[in-house]
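Here is the structure we will look at, set down as structure tokens.
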Amino acid sequence: MTEAVENQVEEQAQPEEKLVTLTIDNIEVSVPEGTVLVDAAKKIGVDIPVFCYHPKMEPVGMCRMCLVEVGRPVFDRATGEPVLEEDGSPKIQFGPKLDTGCTVEVSEGMVVRGYTEEVVDARKEVLEFLLTSHPLDCPICDKGGECPLQNLTMRYGPGTSRFIFDEKHHAAKHVPLGEIIYLDRERCIQCARCTRFQDEVVDDPVIGFSQRGRSLEIVTFSDPGFDSYWSGNTTDICPVGALTTADFRFGARPWELKASASVCNHCPVGCNTTVNTRREAKSGGELVIKRMMPRQNEYINEIWMCDKGRFAHHYTQSEERLTQPMVRNEVGELEATSWEAALDLVAEEFKAASDGLVTLAGARLSNEDLFNIQQVTEKLGGKALQNTHMAGGELVASVGVGQGSNLSDLGEGDAILVVASDLEEEAPLYWLRIKQASERGATLVVANPRDTKLSSKANYELRYSYGEEAAAVMALLGSISPKTPGESEAVKKLSRGQEVKDAATAISEANNLVVLYGNEGTGLATSQSLADACANLLVATGHVGKANNGLIAVWDKGNTQGAYDMGLVPSEDLAADLMSAKAAYIVAADPAGDDATLAEAIKAVEEDAEKFLVVQELFLTESAKLADVVLPVQANTERQGTYTNAERRVQIFYPAVPAPVNVHADYAVAANIAERLDLKLQKVIPAQVMAQIAETVSDYAEVSYTKMAEVEEQWPIISSEDVFYGGTSYENEQGMGQQLQPASQGGESPALSFAQVADAPKVDGLLAVPVTRLYDRGSTVVPTELLSERLTPTSVVLSPDDAEKLSIEPDAEVTVKLNGTETKAQARIEAGVPQGYVLVPRSVGIALNSPSPVEIKA
Amino acid sequence: MPEAYLCLRHREIENIDQMDVYRQNGGFSAWEKAISQMQPDEVTTEVFDSGLRGRGGAGFPTGLKWRFMDGNNWPHYVVVNADESEPGTFKDREIMESNPLQFLEGVMLTSYAVGANLSYIYLRGEFWELAHYLDERIAELEKEGLLGDKLFGSDYSLRIRTHLGAGAYICGEETALLESLEGKLGQPRVRPPFPPSFGLYGKPTVVNNVETLTNVPLIIEHGSSYYRKWGTEKSAGTKVFSLSGRVKKPGNYELPLGTTFRELIYEYGGGIIDDKEVKAIMPAGASSSMIVANDEALDTPMDYENVPNVGAQLGSASIIVIDETVSMDWLINKTVHFFKHESCGKCTPCREGTFWMSNVTERVHEGQANWEDVILLQDVATNIKGKCLCALGDFATEAVTTAIERFPEDFKAKAKSNGAASEELVETSAAVAD
């Protein structure tokens with residue numbers, strides 16, 4: 001870190017805030033004004049027990065567990081001077097009643113006592129009250145062992161109950177709030193953490209209280225029940241076993257579980273996770289993944305994670321996994337072989353293909369994998385491609401968010417532009433963090449052709465037509481700096497009106513500006529112009545090269561940025577590239593399965609005896625079925641590696657379970673191929689691969705496993721010692737990762753191209769545009785049966801007007817004629833879809849990489 | 001003391017609910033005077049000087065509450081608490097049904113005083129006919145030009161809306177009422193902040209009881225000193241006492257504050273049914289402590305400062321009279337059942353404690369309890385008290401603790417074992433444990 005950056009980080013960490021000094025349990029503590037007593041106590045390691053309070057939510061003071069004695073200094077009314085005791089200490093006036101430590105804010109000279117008889121009794125009483133209605137089913141409860149009620153009862157509760165047990169209130173114990181979350185109404189202690197989380201934190205108020213008094217109960221209002229991408233988090237913060245996930249319910253006892261740190265790669269946020277495993281006899285004594293939990297990283301996911309990340313892990317232990325290398329035999333069938341034989345063959349064919357090697361890698365791979373794969377390709381002079389339709393990785397490396405950025409720092413005086421992204425669908429945690437920034441007072445500009453969940457938070461909403469993404473950003477830029485060249489019709493049109501001018505002013509005047517662009521409706525070409533336009537806007541307004549400023553690409557894959565950084569680029573015409581290949585090396589990608597056109601190209605490679613196809617995969621994909629050699633690899637839960645998230649934070653994931661005996665990590669497979677090509681690559685220890693990356697890729701020069709594993713004190717303090725406070729999210733003991741410095745922060749002036757600004761494509765009929773849905777049908781999602789009812793069907797989304805014109809009823813089956821293919825799909829009708837456009841969700845069975853004319857038939 | 005009709009003027013003036021009759025008797029002169037001749041804070045000052053205190057139960061000085069309105073945060077709202085749901089309280093209903101125009105004028109004056117352009121009357125769900133009736137009267141006022149935009153050529157505009165609750169006692173608590181009015185589950189909010197700084201939709205709001213506001217037109221029309229002709233120094237004016245229980249003539253009686261219990265019960269209420277002995281008085285409905293009805297208590301003036309001397313609060317002055325035929329275990333079983341049914345469930349001690357108490361009171365009443373259960377009941381009630389967010393938790397315990405404390409013989413008579421035997425038992429158990 002350079003000195004300048006260090007200073008900036010210092011500044012960020014110490015915003016001007018007034019400190020208040022008080023005494024809690026005879027310990028003096030200084031905390032920022034506005035801190036509540038429970039949090040102030042936490043800072044000095046004093047526990048004020050709570051059930052309803054949660055440090056990430058507004059206090060409600062309803063469980064009454066946090067009652068403490070609160071005293072304030074007495075001041076002489078006439079002089080304003082503090083009144084002193086005989087011994088010279090300030091006279092303290094205690095309140096007539098106990099106060100709730102979660103709602104009372106600190107004040108200067110306050111004295112808080114949590115150890116007096118009155119407080120001790122109050123805690124005992126509240127626990128006794130709670131236990132009059134709570135079932136004593138700890139021995140069969142999923143929460144047992146990590147249960148706040150259990151723990152606090154042991155610590156503060158009465159040893160016995162004076163309540164007559166058969167007078168206990170009984171309620172339903174197996175209430176599905178949808179198929180994902182189950183409610184046990186007897187266990188519920190009505191703390192409202194779940195309902196408040198859904199309402200306040202994630203803006204999905206789909207559960208709430210019904211009835212009153214002892215009959216107060218949680219109900220769901222949505223169809224399907226508990227319709228939220230965030231539902232799993234409520235089970236983490238539930239202080240009892242009332243809410244459990246169908247995935248883990250009755251699955252294991254918390255104390256049987258081993259914990260391994262991991263990083264989610266379903267989207268580019270890179271949420272820190274913990275994989276909980278245990279050995280099971282029914283799996284032959286093997287370690288089995290029982291659940292995925294969030295792990296605290298206040299730079300990234302805080303203590304939350306989305307349900308896709310939480311539940312879509314079952315693919316890693318799927319029965320369908322490949323377990324041995326295979327080679328196509330004389331009769332044309334894939335046949336098991338040894339690694340030696342397979343690798344020898346691959347190396348021989350690659351050597352023969354030489355610069356005719358075309359490598360296509362998917363960005364669910366780690367940096368180590370991608371680096372080694374790229375090195376193999378480069379050694380032969382081949383083409384190293386990554387499987388994405390989003391452009392701009394080099395721009396993010398240049399004008400991405402500065403080192404030391406944290407979206408939690410954005411607030412009053414700052415601005416955020418989100419363009420071409422349905423953010424919650426593309427990267428749920430980014431949606432959450434941007435929403436929170438907006439609630440802290442950051443100006444939010446949302447540019448999208450239709451409403452998304454983020455729209456309600458927008459200060460300015462800019463509408464454009466699909467295809468005009470870059471033009472929308474250039475219209476903003478044009479309002480700031482009038483000499484923007486290359487004005488198109490679209491820019492002129494979008495520059496009209498006060499909204500865009502006001503938004504532009506807010507952006508240019510912001511202390512900090514972060515721009516996020518997604519891939520709502522874009523293909524590779526439009527994505528490139530959009531990224532260029534965003535970079536231009538950032539540079540023109542001086543919002544680059546420093547923390548909390550810069551560009552974030554909401555990538556379509558977990559490690560797309562890493563793939564760019566390792567030198568893999570998207571193909572402008574993948575079919576042509578594959579057709580031209582003498583040998584194709586396809587890793588963690590399934591072009592044949594994704595797209596009929598690519599399937600043709602792959603088949604052409606396969607059918608041409610001269611050509612050679614290698615597929616390195618977890619599963620026997622459509623592409624693998626056509627391969628000459630299939631190489632099985634390890635899932636990310638079985639090995640170590642790093643991912644680079646969209647804010648260019650590089651983070652380590654660790655192995656949680658042993659790999660099947662005969663499969664290897666991708667980086668090792670690539671290194672073994674390299675060895676046969678006289679190229680020395682690290683193949684055993686990922687940290688050594690990273691050392692080689694650090695030598696080769698200049699942006700990664702400072703990156704090391706040691707530094708990535710460094711931890712920091714985080715707030716709120718989360719640990720297994722006090723699940724009553726933060727919930728069961730894991731403490732981060734494995735590292736915060738390392739955020740890379742973008743070139744602009746290192747003093748380089750960014751190389752910018754002027755954005756190629758297109759007008760919206762003109763078509764006579766309907767235009768199909770690709771959009772992202774969180775619950776897609778990708779190969780890493782489908783194996784999770786729990787989500788099967790929620791996955792996006794093979795479908796298209798129409799505007800009500802177009803549906804009416806075409807006489808299409810909601811959910812009717814239609815024929816979609818697109819790019820020479822015909823697919824049967826379900827027609828969804830959504831208000832807000834602009835007329836003339838058909839949204840085609842990605843990865844649900846209809847291939848669409850960029851906007852194309854489409855015909856829909858009822 | 002003689003009855004004095006300030007709020008119940010319909011008992012003196014026939015058809016005062018008719019516009020022309022109300023006007024002939026000074027109706028809306030205060031309203032016209034306020035808008036055309038008075039600044040809003042002059043209205044507030046007049047009310048402050050009158051000594052009017054909130055008639056909903058807490059007795060907070062009305063003018064002072066209005067002065068707490070945050071002048072840096074707009075808009076302001078007036079919300080009338082017409083949720084009248086305390087058992088034994090039935091005064092607001094009579095006022096609204098029979099003297100609606102004076103009540104509405106009170107709402108209007110209050111709105112003007114605090115700068116509200118939109119005011120709500122929150123009525124309990126069962127008052128749906130009354131809500132409909134008030135809607136008609138409000139429409140009439142709009143037609144008469146007394147409500148609406150730019151009143152009397154001034155810049156001041158006012159609209160009044162009625163809103164019906166859905167049948168929850170807790171919505172009489174001002175913050176739960178506001179939640180309910182906002183369309184949310186009726187549960188109290190953490191206070192502070194209080195409604196005058198954070199009220200309806202987070203905006204400064206005055207929440208006042210029907211009876212309180214019905215006094216306002218007379219105070220503005222005749223001045224604060226007029227109002228002070230009745231009552232005492234600290235409890236000015238009259239109060240509508242809702243008298244019920246074992247009296248011959250239950251009903252509403254508007255009397256100057258400071259009238260004694262004896263006068264109300266014997267002079268106005270006609271004494272006890274069958275001329276039995278009075279045993280206890282609950283002066284504030286079901287939320288009340290039990291006053292032992294001895295001579296001292298009967299001669300206590302009913303005002304805010306004197307009722308506490310006999311171990312209770314005046315509250316909403318819903319005087320429930322209990323005679324010697326009533327046993328306290330029956331009575332507290334009723335009140336506890338009520339509070340168990342009406343607890344909103346937000347705070348643990350109230351939600352669980354009322355449920356627990358109700359089990360025990362039921363058992364005690366059925367004669368299925370030991371003396372230890374009575375002690376337990378007392379203890380559970382004590383544990384609820386002072387531990388909850390709003391007053392409902394405390395209210396649920398008042399009758400229980402004071403009944404056991406002040407009428408132990410009723411419980412001793414019901415318990416299967418007496419205290420002596422159980423003390424012996426405890427000692428024996430302790431010895432065994434040692």
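So that the names make sense, note that chain A is the first sequence line, chain B the second, and so on, each numbered from 1.
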Might you confirm whether atom NZ of B:K334 has over 12 heavy atoms from other residues, nucleotides or ligands at distances under 6.0 Å?
no
How are the rings of B:W356 and A:F129 set to each other: parallel, tilted or perpendicular (split at 30° and 60°)?
perpendicular
All heavy atoms of B:K387 vs all of A:L67, minimum pair found to be CD-CD1, 3.5 Å
Who among A:M65, A:R64, A:H169 has the most heavy-atom pairs with chain B under 4.5 Å?
A:R64
Smallest separation among heavy atoms of A:V60 and B:K346, with atom names:
O-CE, 4.2 Å
Just by modelled atom types, is the B:F355 backbone N or O under 3.5 Å from a matching donor or acceptor in the A:R214 side chain?
no
A:S133, part contacting chain B, at a heavy-atom distance under 4.5 Å
both
Heavy-atom cut-off 4.5 Å, strictly under: side chain, backbone, both or neither for A:L130 against chain B?
both
Can you tell which of B:G353, B:C344, B:G386 has the highest number of heavy-atom pairs within less than 4.5 Å of chain A?
B:C344
With a 4.5 Å heavy-atom cut-off, do B:L185 and A:L216 have their side chains touching?
yes
Considering only NZ, NE, NH1 and NH2 on the basic side and carboxylate oxygens on the acidic side, decide whether A:R212 and B:E342 come within less than 4.0 Å.
yes
Is the side chain of B:T348 donor-acceptor paired with the backbone N or O of A:C63 at a distance under 3.5 Å, no angle test?
yes
